[in-house]
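Take a look at the structure set out below.
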Amino acid sequence: MDKLVSLAKRRGIIFQSSEIYGGINACWDYGPLGVELKRNVKEAWWRAMTRDHNNIEGLDAAILMHPNVWVASGHVAGFADPLVDCKSCKLRFRADQVPEENLRDHKCPNCGGELTEPRFFNLMFKTFMGPVEDEASIVYLRPETAQGIYVNFLNVKDSSRRKIPFGIAQIGKAFRNEITPGNFIFRTREFEQMEMQFFVKPGTDQEWLEQWREERFNWYLKLGIRREKLRFHQHGPKELAHYAAAAYDIEYEFPFGWQELEGIHDRTDFDLKRHTEHSGKDMSYFDESSNERYIPYIIETSAGCDRTILTLLVDALREEDAGKEIRTVLKFHPDIAPIKAAVFPLVNRDGMPEIAHEIYDIIRPYYKAFYDDSGSVGRRYRRQDEAGTPYCFTVDSQTLQDRTVTVRDRDTMQQERVHIDQVLNFLRDHLAW
Ligand code: GAP
């Protein structure tokens, strides 16, 4: 993890938020390469949801919602973690993460000091809407994007004339005042979710749950994540969230252990029922095929965008023995790599820079590209390896004769020649978009 955090900073992938002020805990900024990586992850997810399926619509709901949404959803009453404080070392723990015997004996797992009784702490960030800061003007920063989808169920269904089963997909920021954030971007207080809520007929929910969990697992494989680092964890009765009838986590083996990457939940009719009760708006559905009215069940796939990025970084980072030195390489799937192609003139003379610029200008409008003419070509390759750039095009003396360039593959380090006129086609053939 230390290597990854320092590489991420050095290469402009992820920076500590407000670093010049000493940083702010559990908030991170995406730098020039990070923002490209993040856009690619979101694009891959958006395509998998809204292009590969003909029954999923998109949505972008506001972060601030009517406060009653969070009463209906159960977050005001129940979105809380139990926390305990050590009276000696002042460390704070989530009570469910402290060994049972320590809790029982009120003994701090860090220093042996006395632990307080567990107190419940709501994880939602509060702010005020309008000029008056009183109880009546409290609003919350959404702790999940899902509720924005539920409250728009009727709007989306009616405007897009959808029939059940259909889904609504959304990518957006969520905020949680986590008690124990950490592990870089694994658990943060501001993060992005990629959530899809699939509305189904009651009784068909188990089937859909199975289908979606397979599909979501395969999505990570398609992004190039190693199979052996992924697994399912099925929630036991004690772990299930208050709204869920069944749930699976997709877990990844991070350097700090197996942890949740995405949750796939059968949320039953809990959410639409609660919003019907609290808003007074009937959220039932009339099914013309069976001539019956029901409140749809919801299968939710809830992925963390930042957590997916951490997974991709951890999974891609390799250190390879390259003779005299160690080659550090981010073996990203080409579709999510921040930079798709780098262009180099072998030397800065003989007309090579002009041709290299010509190639760079051909690629640039279509793919994120990088021009580099400093240092030896070997050094330039290494720099691109570290950034995860899958293809490097080099203009050399043969280019001056036949207008072909070398293209070097990041993973095999093999080179082939392509004609300058075919550079763009080469990238199109090797990239999904
Ligand atoms: N709507 C359901 C829901 O929000 P969740 O299991 O609380 O379920 C879903 O969150 C996903 O969101 C997690 O699997 C994780 O990828 C991501 N996530 C949740 N809390 C996070 C945090 N504090 N920092 C980063 N990602 C987080």
Side-chain angles (χ1 to χ4, degrees), residues 14 17 25-28 30 38 41-42 45 59 61 63 65 69-70 72-75 78-81 94 96-97 121-125 140-151 167-198 209 212-213 216-217 219-220 223 225 230-235 239-252 254 256 258-268 270-272 274 298-314:
I14 297 165
S17 165
N25 198 9
C27 298
W28 298 89
Y30 287 81
K38 198 173 204 191
V41 168
K42 291 197 249 183
W45 185 88
L59 182 75
I63 288 172
M65 302 179 73
V69 167
W70 306 109
S73 68
H75 284 82
F79 192 55
D81 277 344
R94 254 171 64 178
D96 54 350
Q97 291 174 348
F121 171 78
N122 196 296
L123 302 185
M124 282 197 293
F125 278 99
Y140 302 95
L141 301 189
R142 67 181 175 198
E144 61 171 14
T145 59
Q147 301 300 326
I149 295 182
Y150 305 144
V151 301
I168 304 177
Q170 174 169 223
I171 300 175
K173 290 265 185 177
F175 303 83
R176 294 183 190 177
N177 201 359
E178 298 280 2
I179 297 169
T180 52
N183 285 323
F184 196 25
I185 55 168
F186 178 79
R187 182 171 289 112
T188 55
R189 294 196 167 115
E190 172 177 344
F191 55 98
E192 245 172 311
Q193 289 187 314
M194 305 184 292
E195 295 198 305
M196 193 280 298
Q197 313 293 327
F198 203 71
L209 181 71
W212 276 111
R213 82 179 177 110
R216 293 304 305 146
F217 195 92
W219 185 73
Y220 293 102
L223 289 188
I225 293 170
L230 289 165
R231 73 178 186 194
F232 282 116
H233 164 72
Q234 183 170 13
H235 286 212
E239 288 170 277
L240 282 176
H242 59 280
Y243 50 74
Y248 293 95
D249 291 340
I250 297 174
E251 294 187 336
Y252 181 79
F254 291 97
F256 42 90
W258 286 95
Q259 294 286 343
E260 175 186 339
L261 180 54
E262 168 162 354
I264 298 113
H265 310 125
D266 178 349
R267 298 184 65 125
T268 68
F270 176 85
D271 304 281
L272 294 185
R274 295 276 293 194
I298 293 171
I299 305 301
E300 164 179 73
T301 71
S302 177
C305 182
D306 312 80
R307 219 171 264 188
T308 303
I309 289 170
L310 181 61
T311 306
L312 290 165
L313 284 167
V314 166

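In each ligand, atom 1 is the first atom listed, and ligand 1 is the first ligand listed.
Of the protein's non-hydrogen atoms, Thr188 N, 3.0 Å is the one closest to atom 24 (N) of ligand 1. Of the protein's non-hydrogen atoms, the one nearest atom 17 (C) of ligand 1 is Gly304 CA, 3.7 Å. In terms of protein heavy atoms, atom 25 (C) of ligand 1 is closest to Phe186 O, 3.2 Å. If you check which protein heavy atom lies closest to atom 26 (N) of ligand 1, you get Phe191 CD1, 3.6 Å. In this structure, atom 9 (C) of ligand 1 lies nearest to the protein heavy atom Ser302 OG, 2.9 Å. For atom 19 (C) of ligand 1, the nearest non-hydrogen atom of the protein is Arg176 NH1, 3.5 Å. Glu300 OE1, 3.1 Å is the protein heavy atom nearest to atom 2 (C) of ligand 1.
When Gln193, Glu144, Arg307 are checked for heavy-atom proximity to atom 10 (O) of ligand 1, Gln193 turns out nearest. Closest heavy-atom approach to atom 1 (N) of ligand 1 among the candidates Glu260, Met194, Glu195: Glu195.
For ligand 1, the atoms closer than 4.0 angstrom to any heavy atom of Arg267 are 1 (N), 2 (C). Within ligand 1, counting atoms from 1 as listed, the ones closer than 4.0 Å to a heavy atom of Glu178 are 20 (N), 22 (C), 23 (N).
Note that CG of Leu240 and NE2 of His265 are 8.5 Å apart. Values are rounded to the nearest 0.5 Å. Atom CD1 of Ile250 and atom OG1 of Thr311 lie 10.5 Å apart (nearest 0.5 Å).
Proximity of Phe79 to Arg176: side-chain heavy atoms (C-beta onward) are separated by under 4.5 Å at one or more points. With contacts defined as side-chain heavy-atom distances shorter than 4.5 Å, the pair Arg307/Glu260 qualifies. Contact annotation: the side chain of Pro143 approaches that of Trp70 to within less than 4.5 Å [non-hydrogen atoms, C-beta and beyond].
Geometric assessment of Arg213 against the ring of Phe217 yields a negative cation-pi assignment under the 6.0 Å and 45° thresholds.
For a threshold of 3.5 Å applied to N or O pairs, the pair formed by Arg187 and ligand 1 contains no separation below that value. The shortest N or O to N or O distance between Ile185 and ligand 1 is not below 3.5 Å. By the 3.5 Å distance cut-off applied to N or O atoms, Leu261 is counted among the residues near ligand 1.
You'll find the ring centres of Phe256 and Phe186 inside the 6.0 Å limit.
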Show the numbers, then the answer: is there a side-chain contact (heavy atoms from CB on, under 4.5 Å) between Met196 and Ile149?
CA-CA 8 Å; Met196 193 280 298; Ile149 295 182; over 6 Å; no

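Under the side chain to side chain contact (heavy atoms under 4.5 Å, CB included) rule, Thr308 has a single partner from Tyr252, Trp219, Trp45, which is Trp219.
Using 4.0 Å as the threshold, Asp306 has no heavy atom nearer than that to any atom of ligand 1.
Asn122 places a side-chain N or O within 3.5 Å of a backbone atom of His75 that can act as its donor or acceptor partner.
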